[in-house]
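Numbers here simply count residues along the sequence, with the first being 1. The analysis underlying the following values was restricted to heavy atoms, covering all of them including side chains, and did not include hydrogens, waters or symmetry mates.
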Amino acid sequence: MSKKVSGSHALMLSLIEEGVDYIFGYPGGAIMPVYDSMMDYQDKIKHILTRHEQGAVHAAQGYARVSGKVGVCMATSGPGATNLITGIVDAMIDSTPVVCITGQVVSPLLGTDAFQETDVVGISMPVTKWNYLVTKAEEIPWAIAQAFYIARTGRPGPVLIDITKDAQFNEFEFKYKKCESIRSYEPRPKINKDKIKEAAALINQAKKPYILFGQGIILGGAEDEFRTFIEKSGIPAAWTILGVSALETGHPLNMGMLGMHGNYATNIMNNKCDLMIAIGMRFDDRVTGNLNSFAKQAKIIHLEIDPAEIDKNVKTDVAVLGDVKETLPILTEFIEKREHSEWIGEFKALSKIEYEKVIKTDFYPETEGIRMGEVIRRINERTKGNAIIVTDVGQHQMFASRYAKLNTKRSFVTSGGLGTMGFGLPAAHGAKIGAPDKDVILFVGDGGFQMTIQELGTINQTQAAVKVVLLNNKYLGMVRQWQQLFFDRRYAETFLMNPDFITIAKGFGIEAKKVLERPELDSAIDEMLNHKGAYVLEVSIEKEDNVFPMVPTGASVSDVILEPQK
């Protein structure tokens with residue numbers, strides 16, 4: 001049954017058909033008809049007014065990452081649309097399903113440099129899975145159906161729909177049909193069982209096999225299938241920064257994090273294994289280090305949904321294309337049940353070295369100043385690994401990803417491939433909206449916090465109980481660390497003269513406290529976690545609190561530095 005409605009009403013009805021319950025956005029002239037129509041659907045879709053369009057797209061990302069749904073954000077034309085671009089790029093690189101809807105000037109003015117006209121379709125084309133300019137009202141249901149199908153299927157990602165203002169006003173007979181396929185778009189590659197058998201044969205023969213797992217497991221909803229696979233195979237496994245919550249951090253086969261600031265054993269063993277099994281990860285340069293010396297001794301198996309990632313960075317011996325939720329159970333069936341006790345013992349020996357040289361100092365420092373690692377340890381002791389952890393970008397991000405205890409699925413949200421400072425606060429808000437029954441704890445530095453600090457206003461307006469742990473060392477810490485290690489301590493433009501964060505938080509109506517000394521820390525953490533609403537806990541951190549281990553840029557993963565060089 002069809003009914004005659006305006007384009008703006010058709011948009012809302014289409015979003016309802018796709019199961020949308022939240023939109024993060026910011027109104028303006030070119031999207032105003034949609035906002036007017038939205039008033040008639042408040043019982044089905046809630047709009048969250050962010051304080052900046054970048055906050056809207058990052059919040060949509062956080063929502064998508066913890067809920068498993070498609071995040072939706074909305075903005076007006078011109079600067080409103082362009083303010084979304086950073087978040088769109090972030091979502092593209094990190095494979096986050098987001099649908100961005102922007103308003104556009106009326107069709108007759110396209111190409112005339114009208115007020116707030118910008119070719120956002122042209123701008124966003126390289127950084128979206130698909131985008132489309134709607135100039136006729138009757139195109140809206142089709143475009144939305146396509147957008148959601150493309151955003152959520154295969155390797156997920158962002159889609160942008162730009163709608164002219166006249167298309168929002170014009171009326172037509174509304175009908176909605178969900179998209180179930182698109183010619184020439186095959187989001188789920190056909191599974192080749194012969195390739196899976198080849199992979200199984202390599203696994204069964206290997207003496208020192210090693211699994212590297214990434215976010216593909218989470219995106220495919222294959223956490224249970226993955227656990228069954230590793231427990232039957234007995235193979236030690238390590239995760240990329242986006243794959244962290246695919247397997248509980250305390251699992252006996254979970255060896256830790258890969259990459260530039262990953263664990264000592266996980267990096268060293270890249271060049272010691274005889275078989276490397278990469279699952280849902282893309283061999284990013286921060287994981288591999290110098291490709292010329294990465295895992296040259298090993299056979300490589302790559303399980304991946306995106307054919308473009310196969311052999312892109314690392315040459316594979318066996319490529320298993322497909323959704324890991326489908327391919328992993330088949331692979332598990334073909335492998336033998338084994339244990340690799342001696343091989344795992346080699347990981348544990350290296351892990352013990354790292355604990356003595358790095359982790360013990362981070363967790364139980366003898367310095368007067370508070371360290372980031374001990375803050376995370378103390379919070380772990382209280383949350384027992386059941387909170388959702390969100391981070392911004394910087395040193396605190398590496399500490400949190402290394403040390404946060406995570407027992408539940410979809411419980412870690414960070415900006416991986418793009419490394420977007422300012423991501424954390426709005427993403428944490430979106431995460432809390434997407435998982436209202438979970439504790440959401442944001443770790444953020446003083447630099448990134450100030451990039452989107454205005455989103456405290458959004459958090460206050462929605463009364464979302466986001467817990468913000470501001471680790472303040474008065475520096476752009478990660479850049480300062482590099483300057484210390486590689487630029488003779490020439491701290492060029494990394495010192496920050498910060499504002500009074502506590503006064504700012506309270507000005508937004510959010511309870512806040514500052515901790516300067518270690519004896520105050522435990523009670524302050526308890527107060528934050530027990531507080532019913534949002535809370536900002538600022539902790540003054542030792543200035544030269546550095547993240548180790550570290551693989552220098554361009555070095556081999558075997559050249560990992562455990563501690564500062566004398």
K.L.:
Short question: side chain of D317, backbone of I300 - any donor-acceptor pair under 3.5 Å?
P.N.:
yes

K.L.:
For a side-chain contact (heavy atoms from CB on, under 4.5 Å) check, start with the C-alpha distance between E356 and T361, then their side-chain angles and the critical distance, and finish with the verdict.
P.N.:
CA-CA 8 Å; E356 291 298 324; T361 302; over 6 Å; no

K.L.:
Less than 4.5 Å apart, side chain to side chain, heavy atoms only: is that true for T553 and W482?
P.N.:
yes

K.L.:
Do you see a donor-acceptor pair shorter than 3.5 Å between the side chains of Q395 and H261?
P.N.:
no

K.L.:
Would you say the side chain of L212 lies within less than 4.5 Å of the side chain of T266, judging by non-hydrogen atoms?
P.N.:
no

K.L.:
For the pair N271 and S558, evaluate side-chain hydrogen bond (donor to acceptor under 3.5 Å, both in side chains) and give the outcome as yes or no after the intermediate values.
P.N.:
CA-CA 7 Å; N271 287 345; S558 298; 2.8 Å; yes

K.L.:
Is N267 reaching over with its side chain to a backbone N or O of N263, donor-acceptor style, under 3.5 angstrom?
P.N.:
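Judged by distance alone, yes, a pair lies under 3.5 Å.
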
K.L.:
Could you check whether any side-chain N or O of K232 sits under 3.5 Å from a backbone N or O of E336, counting only pairs where one atom can act as donor and the other as acceptor?
P.N.:
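Side chain of K232 to backbone of E336: no pair is present.
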
K.L.:
So does R371 pair up with D545, basic N to acidic O under 4.0 Å?
P.N.:
yes

K.L.:
Please assess N290 against D285 for the test side-chain contact (heavy atoms from CB on, under 4.5 Å), listing each intermediate value before the final yes or no.
P.N.:
CA-CA 8 Å; N290 188 335; D285 65 295; over 6 Å; no

K.L.:
Applying the side chain to side chain contact (heavy atoms under 4.5 Å, CB included) criterion to V375, which one of V469, N380, D362 satisfies it?
P.N.:
V469

K.L.:
Measuring only between side-chain heavy atoms, which start at C-beta, is I182 closer than 4.5 Å to Y149?
P.N.:
yes

K.L.:
Please find the pair of heavy atoms, one from V320 and one from K195, that lie closest to each other, and give the distance.
P.N.:
CG2-O, 4.0 Å

K.L.:
Give a yes or no on whether the ring-centroid distance for H302 and F283 is below 6.0 angstrom.
P.N.:
yes

K.L.:
Applying salt bridge (charged side-chain N to carboxylate O under 4.0 Å, His left out), which residue pairs with at least one partner in residues 59-74 are found, sequence neighbours left out?
P.N.:
D21-K69

K.L.:
Checking V98 against I88 for the side-chain contact (heavy atoms from CB on, under 4.5 Å) test, could you report, in this order, the C-alpha distance in whole Å, the side-chain angles of both residues, the deciding distance, and whether it holds?
P.N.:
CA-CA 8 Å; V98 175; I88 291 172; over 6 Å; no

K.L.:
Between T391 (side chain only) and Q397 (backbone N and O only), is there a donor and an acceptor less than 3.5 Å apart?
P.N.:
no

K.L.:
Ignoring hydrogens and geometry, is there a side-chain-to-backbone donor-acceptor pair from T316 to V318 under 3.5 Å?
P.N.:
no

K.L.:
Is the backbone N or O of N270 less than 3.5 Å from a side-chain atom of Q297, with the two atoms forming a donor-acceptor pair by type?
P.N.:
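Flag set: sc Q297 to bb N270 pair under 3.5 Å.
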
K.L.:
Are any non-hydrogen side-chain atoms of I353 and Y264 less than 4.5 angstrom apart?
P.N.:
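When only atoms from C-beta onward are counted, Y264 and I353 do touch, with a gap below 4.5 Å.
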
K.L.:
Spell out, as yes or no, whether a donor-acceptor pair under 3.5 Å connects the side chain of D274 to the backbone of K208.
P.N.:
yes

K.L.:
Do D90 and T420 have side-chain N/O donor and acceptor atoms under 3.5 Å apart?
P.N.:
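D90 vs T420: donor-acceptor pair found between side chains.
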
K.L.:
Are the side chain of Q61 and the backbone of P426 linked by a donor-acceptor contact shorter than 3.5 Å?
P.N.:
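Absent.
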
K.L.:
Determine whether N131 and I161 make a side-chain contact, defined as any pair of heavy atoms from C-beta on separated by less than 4.5 Å.
P.N.:
no

K.L.:
Tell me whether E339 contacts the main-chain N or O of S341 through its side chain, where contact means a donor paired with an acceptor under 3.5 Å.
P.N.:
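Checked: no pair found.
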
K.L.:
Ignoring hydrogens and angles, state whether a donor on the side chain of E225 or T332 is under 3.5 Å from an acceptor on the partner side chain.
P.N.:
no

K.L.:
Before accepting this row, confirm whether a basic side-chain N of the pair E18/R152 lies closer than 4.0 Å to the acidic partner's carboxylate O.
P.N.:
yes

K.L.:
Can we say E354 and R402 salt-bridge, meaning some charged N sits less than 4.0 Å from an Asp/Glu carboxylate O?
P.N.:
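A salt bridge is present here (some side-chain N lies under 4.0 Å from a carboxylate O).
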
K.L.:
Ring centres under 6.0 Å, that's the criterion: do F443 and H396 meet it?
P.N.:
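Ring centroids of F443 and H396 are no less than 6.0 Å from each other.
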
K.L.:
A side-chain contact here means heavy atoms from C-beta on lying under 4.5 Å apart; do K409 and S245 qualify?
P.N.:
no

K.L.:
How close do G243 and F213 get, heavy atom to heavy atom, and via which atoms?
P.N.:
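Heavy atoms only, the tightest pair is O-CE1, 3.3 Å.
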
K.L.:
Do Q54 and T86 meet the criterion of a side-chain donor-acceptor pair at a distance under 3.5 Å?
P.N.:
no

K.L.:
I'd like to check L406 versus I389 (side-chain heavy atoms, cut-off strictly below 4.5 Å). Are they in contact?
P.N.:
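Yes, at least one pair of side-chain atoms sits under 4.5 Å.
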
K.L.:
Tell me, please, which residues at least two apart from E544 pass salt bridge (Lys or Arg N to Asp or Glu O under 4.0 Å).
P.N.:
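R489.
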
K.L.:
Students often mix this up, so state it plainly: with edges at 30° and 60°, are the rings of F347 and W343 parallel, tilted or perpendicular?
P.N.:
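Correct class here is perpendicular.
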
K.L.:
Please give me the minimum heavy-atom distance between A64 and T96, naming the atom from each residue.
P.N.:
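Closest approach of A64 to T96, heavy atoms only: CB-CG2, 3.9 Å.
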
K.L.:
Does the plane of the ring in W142 sit parallel, tilted or perpendicular to the ring in Y132? Use 30° and 60° as the thresholds.
P.N.:
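Perpendicular.
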
K.L.:
Donor-acceptor pair, K325 side chain versus G221 backbone, under 3.5 Å?
P.N.:
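Yes; judged by distance alone, with no hydrogens or angles, the pair exists.
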
K.L.:
With a 4.5 Å limit on heavy-atom distance, are the side chains of F399 and V547 in contact?
P.N.:
yes

K.L.:
Between L160 and V120, is the side-chain contact (heavy atoms from CB on, under 4.5 Å) condition met? List the steps.
P.N.:
CA-CA 9 Å; L160 183 137; V120 71; 4.0 Å; yes

K.L.:
Have R338 and N204 got a donor and an acceptor in their side chains that come within less than 3.5 Å?
P.N.:
no

K.L.:
Got a salt bridge between R227 and E248, using NZ or NE/NH1/NH2 to carboxylate O under 4.0 Å?
P.N.:
yes

K.L.:
Does a salt bridge link E309 with R282, judged by any charged N lying under 4.0 Å from a carboxylate O?
P.N.:
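Looking at R282 together with E309, the answer is no, because their closest N to O distance does not fall below 4.0 Å.
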
K.L.:
What's the shortest heavy-atom distance between D392 and L425, and which atoms?
P.N.:
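Taking D392 first and L425 second, the nearest heavy atoms are OD1-N, 4.4 Å.
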
K.L.:
Kindly write out the residues that satisfy side chain to side chain contact (heavy atoms under 4.5 Å, CB included) with L219, not counting sequence neighbours, or none if the list is empty.
P.N.:
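If we apply the side chain to side chain contact (heavy atoms under 4.5 Å, CB included) test to L219, skipping adjacent residues, the hits are S95, P156, Q215.
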
K.L.:
Measure across L350 and A265 and return the closest heavy-atom pair with its distance rounded to 0.1 Å.
P.N.:
CB-CB, 3.7 Å

K.L.:
Nearest 0.5 Å please: distance from the OG1 atom of T452 over to the NE2 atom of H429.
P.N.:
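One finds 12.5 Å between OG1 of T452 and NE2 of H429.
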
